[in-house]
Amino acid sequence: MKNLAALAVGIALITSSASADEPHQIKPGRASVSLDFTSKIPNLPEKSLKTVLVKYEPGASSPPHTHANSAFILAYVLEGEVTIAINGQPARNYRRGEFWTENPGDHHQVSANASKINPAQILAIFVVDTDDTELTTFAR
């Protein structure tokens with residue numbers, strides 16, 4: 001499983017450098033989130049692979065959220081350490097090189113930089129319906 005994650009991240013990193021979109025801020029004062037890469041998956045009609053780069057300044061976090069109903073996500077920590085809690089499970093810290101998955105409909109309650117002094121960064125790899133353009137919906 002870890003080899004599959006490493007392969008997916010490697011492919012995403014290699015291909016994203018040629019196809020990156022302009023970064024955009026989703027929530028001011030929060031984690032910086034940018035769509036990094038998007039491509040249709042040739043052997044899965046109506047599905048796409050999209051990667052999102054999430055940068056956390058020291059102490060930064062994202063509000064509770066869900067993702068597109070079709071989204072299966074593999075999130076890989078590129079730098080630092082993040083605290084993650086999904087679907088009411090206890091929060092867990094993930095360090096550089098570690099990953100987790102999220103299933104369609106999961107509720108992401110905690111997503112934060114675990115450090116108040118060091119930055120953190122994750123790469124979220126989405127397999128999603130091609131027509132889904134809103135990848136994240138924040139709780140109100």
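These numbers come from the heavy atoms of this one structure, side chains and all, not from hydrogens, waters or symmetry mates.
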List the steps and the verdict of side chain to side chain contact (heavy atoms under 4.5 Å, CB included) for S48 and F126. CA-CA 8 Å; S48 287; F126 287 69; over 6 Å; no
Walk me through it: do W100 and I122 pass the test side chain to side chain contact (heavy atoms under 4.5 Å, CB included)? CA-CA 11 Å; W100 69 93; I122 64 172; 4.1 Å; yes
List the steps and the verdict of side chain to side chain contact (heavy atoms under 4.5 Å, CB included) for H108 and S62. CA-CA 10 Å; H108 201 149; S62 296; over 6 Å; no
Decide side chain to side chain contact (heavy atoms under 4.5 Å, CB included) for E46 and D129; before the verdict, give the C-alpha distance in whole Å, the side-chain angles of both, and the deciding distance to 0.1 Å. CA-CA 6 Å; E46 301 180 23; D129 287 350; 5.7 Å; no
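Closest non-hydrogen pair, V54 versus V33, comes out as CG1-CG2, 4.2 Å. The shortest non-hydrogen separation linking N93 to E98 is O-OE1, 4.1 Å. A60 and A31 get closest at one heavy-atom pair: CB-N, 4.5 Å.
Proximity of a side-chain donor or acceptor of N118 to a complementary backbone N or O of G80 within less than 3.5 Å is not detected. Side chain of T51 to main chain of F37: a donor-acceptor pair is present (N/O by atom type, distance under 3.5 Å, no hydrogens or angles). With N87 contributing its side chain and D106 its backbone, the two residues share no donor-acceptor pair below 3.5 Å.
Neither V52 nor V110 shares a network with the other; the hydrophobic side chains, linked directly or stepwise wherever heavy atoms of I, L, V, M, F, W or Y lie under 4.5 Å apart, form separate groups for each.
If you run side chain to side chain contact (heavy atoms under 4.5 Å, CB included) between K50 and each of I73, T130, V128, only V128 comes through.
Side-chain atoms of L49 and T38, non-hydrogen and from C-beta on, never get closer than 4.5 Å to each other. Between R92 and I84, every side-chain heavy-atom pair lies at or beyond the 4.5 Å cut-off. Side-chain contact between K47 and S70 is present, with heavy atoms from C-beta onward closer than 4.5 Å.
Ion pair E79/R96 not flagged as a salt bridge, since none of the NZ, NE, NH1 or NH2 atoms sits closer than 4.0 Å to an Asp/Glu carboxylate oxygen.
At a cut-off of 3.5 Å, with distance as the only test, a side-chain donor of Y56 or S111 sits close to an acceptor on the other residue. Residues H67 and T136 have side chains that bring a donor and an acceptor to within less than 3.5 angstrom of each other.
Note that CG of L53 and CG of L78 are 6.5 Å apart. Values are rounded to the nearest 0.5 Å.
Other residues, nucleotides and ligands place more than 12 heavy atoms under 6.0 Å from the CD atom of Q109.
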